[in-house]
Number of protein chains: 2
Amino acid sequence: MAERAGVSQSTVSRALAGSEVITEATRARVLRAAEEIGYFVDERAARLRRGSTGTLAVVVICRPGESAADINPFSYMLLGSVCLAASERGFETLVSFQAREEQFFGHYEERGWADGLVVIGTTTNRAAWDYFRGLEKAERRVVYWGSPFDDLEWVRSDNRAAGRLAVEHLLAQGYRAPCFLGAIDSPQHQFAERYEGYCDAMRAAGLEPCLVPTRDGATREEEGAAAVEAWLDQGGGADAIFAACDAMALGALEALKQRGVAVPGEVGVAGFDDLPAARFAQPTLTTIAPDPAAAGSLLVDALFNAGDDAPLRRVPVSLTVRGSTAR
Amino acid sequence: MAERAGVSQSTVSRALAGSEVITEATRARVLRAAEEIGYFVDERAARLRRGSTGTLAVVVICRPGESAADINPFSYMLLGSVCLAASERGFETLVSFQAREEQFFGHYEERGWADGLVVIGTTTNRAAWDYFRGLEKAERRVVYWGSPFDDLEWVRSDNRAAGRLAVEHLLAQGYRAPCFLGAIDSPQHQFAERYEGYCDAMRAAGLEPCLVPTRDGATREEEGAAAVEAWLDQGGGADAIFAACDAMALGALEALKQRGVAVPGEVGVAGFDDLPAARFAQPTLTTIAPDPAAAGSLLVDALFNAGDDAPLRRVPVSLTVRGSTAR
DNA sequence: CTGAAAGCGCTTACAG
DNA sequence: CTGAAAGCGCTTACAG
């Protein structure tokens, strides 16, 4: 390649890297030669020499046994937005889905594969969290979505605001006794935060918070459906449900329909996530939507600004009103 | 590291690479030392020396302006299944989403970033296909999902079988005149294949095929809805619809509901894709489901078996019966 | 079975 | 502004 352009290896490198110091004429000659012989810089060598990788690893934690079709659509959206945000900042993204204990892996930095690691964990997988928490000690660049641990570098939705938004909307629609559907002691910390926001708004309105607890099930939808059935069996009592996530809300909708409870007439339902499915539920599901694009940007920024005084770690949320609360 | 274990660099390399030739005692010593100092092989250097990358690039083609939340859920599933399949075969995956002309990029092999490239394009993006088709000449390892070009190395759903399955199911449910909703002259070749399967089964049953054509719209759902409205305006005539994809079927459902046409009573509706949303549509949507896991495996295998006599390139499909055809 | 040496393809001080 | 030289951290013939 250097021969072809009639210059030295150093000059080729500088010309292609866009160094200021090179004559425009020389650069043009080098670019033409590169075009002619289809030359591209070998990034393995460049990075080995340079020391950095220009790549960011993103790990999506799944439940064991999950296949591509079972993975939470919101995880996919997060993955997409992280890749997009990384790309905007000039980084490539190495992605891997990890479910079983034998395959947990986070040593991308040590191996020279990536400059940092984004871990996306929306589902419960305790073993994975234990593994990744162990890594942290090594003083590396890692940032987490959905971390159950507050001492890790995390980015999350503004869950408290979400809880408040939901309650305020429900009350504005004329519902008088919204309850919260979810598990607040779940390792999924975000649910507890949504519950806190819910409680804030309830108390601000002079109302008593009310919790309809869910229990672990095969899927979030089943958890939601089971909890609603148990609640109805005990006589119900609330006239609206704010579910900790859309999947549970969808399950709740299912259960209410089966029991002949009219939505939104008798009971209003709102969720969180804005899954694609929310738009097609019957009735369509009112939900609090996190901003996936903002999430990707914040995660990538947090990765490289770790240790900052006041890193921006809360992804804004917004209310999407649909049929399930329209009365 | 070599010092620490008291052996040469060569021996460390061989021990860690699992070379047969190394004494178990030596290997143990090396492994212990590696553990102690937290040593990991630098893959940049290893691959530079070895010549390969152990990585596979996957490019998801999007529509310009699409954000992470807008991307087709099926594309995400395909992405997931490709990553999973690659991982099973010991490959890392480098993923990128590409929408605009300036960012098209496929030179992962030349740059030493990947040993091969999987391109996932389910949406219409002519410029992207032109770009990637241009690459092909360079005699490289690329395999395509959703390619409009038959001369590229492709993997697709068994679309003809899908068309047949849909018609056979519709007839078995007592529908007498199923039509096909979609664009058969679309660059999206797969739609035409589904139409062919539809025609095969119609003729086999002694029926005349009938096409309800769609036209490009902002989203597939809008395309489906608009086509159904136009069709109703012209007097309809069919008693069942097999839509070229779920998004269109969902749009059709929407339009039928708005016009007061009962589904599945007056008109049956079936789609293709098995989007998560299909389970939550009202009524729930009968659909032909491709097998995303199989798709990932086939794509990865095709990548490394290119040029084989009879590469397996058709992903099996299956019928998922739901409410929209249940009469 | 293990070690010394070469070299993968770059980038970057160091000279000129 | 450009070139010659060193070296990034590995793997792998080649000896022994």
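The figures here come from the full heavy-atom set of this structure, side chains too, leaving out hydrogens, waters and symmetry mates. Values in this document were obtained by computation on a predicted structure and should not be read as measured data. Here is how names work: the chains are called A, B, and so on, in the same order as the sequence lines, proteins then strands, and each is numbered from 1.
Classification of the A:Phe149-A:Trp129 ring pair by plane angle, with boundaries at 30° and 60°, yields perpendicular. Taking the six-membered ring for Trp and thresholds of 30 and 60 degrees, B:Phe104 and B:Phe132 have ring planes inclined between 30 and 60 degrees apart.
Legend: residues meeting side-chain contact (heavy atoms from CB on, under 4.5 Å) with A:Leu298, ordered by chain and number and at least two apart, are A:Val155, A:Leu312, A:Val315. Applying the side-chain contact (heavy atoms from CB on, under 4.5 Å) rule to B:Ser96 yields the partners B:Val59, B:Gln98, B:Tyr108; only residues at least two apart in sequence or on another chain are considered. The side-chain contact (heavy atoms from CB on, under 4.5 Å) check on A:Ala99 picks up A:Cys62, A:Gln103, with sequence neighbours excluded. Applying the side chain to side chain donor-acceptor pair (under 3.5 Å) rule to A:Thr53 yields the partners A:Asp115; only residues at least two apart in sequence or on another chain are considered. Residues passing the side chain to side chain donor-acceptor pair (under 3.5 Å) test with B:Thr11, sequence neighbours excluded: B:Ser8. For B:Ser67, the side-chain contact (heavy atoms from CB on, under 4.5 Å) partners are B:Ala69, B:Asp70, not counting sequence neighbours.
Screening residues 79-101 of chain A for salt bridge (charged side-chain N to carboxylate O under 4.0 Å, His left out), with sequence neighbours left out, gives A:Arg89-A:Asp301, A:Arg100-A:Glu102. Judged as a salt bridge (charged side-chain N to carboxylate O under 4.0 Å, His left out), the pairs with a partner in residues 29-42 of chain B (not counting sequence neighbours) are, in order, B:Arg4-B:Glu36, B:Asp42-B:Arg44. The stretch residues 45-60 of chain B participates, sequence neighbours left out, in these salt bridge (charged side-chain N to carboxylate O under 4.0 Å, His left out) pairs: B:Glu43-B:Arg47.
Rounded to whole Å, the distance from CZ on B:Arg44 to C1' on D:dG7 is 14 Å. As rounded to whole Å, 4 Å separates atom C1' of C:dC8 from atom CG of B:Leu48. If you take CD of B:Glu43 and P of D:dC8, they are 19 Å apart, rounded to a whole angstrom. Following rounding to the nearest Å, A:Leu16 (CG) and C:dG9 (P) show an atom-to-atom distance of 16 Å. One interatomic measurement links the two molecules: CZ of A:Arg111 to P of D:dC8, which rounds to 21 Å at whole-angstrom precision. Going from atom CZ of A:Phe40 over to atom C1' of C:dC8 covers 20 Å, rounded to whole Å.
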Exercise for the section: Summarise how protein sits on nucleotides 11-16 of chain C as a single string, 5' to 3': B when a protein heavy atom is under 4.0 Å from the base, S for sugar-phosphate-only contact, - for no contact. Expected result: BBB---
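If you check residues 20-29 of chain B against DNA chain C, the residues with a heavy atom closer than 4.0 Å are B:Val21, B:Ile22, B:Thr23, B:Thr26, listed by number.
Paired runs in DNA chain C that reach 3 or more consecutive Watson-Crick or G-U pairs, where each pair keeps both distances under 3.5 Å, cover C:1-3 with D:14-16, C:5-12 with D:5-12, C:14-16 with D:1-3.
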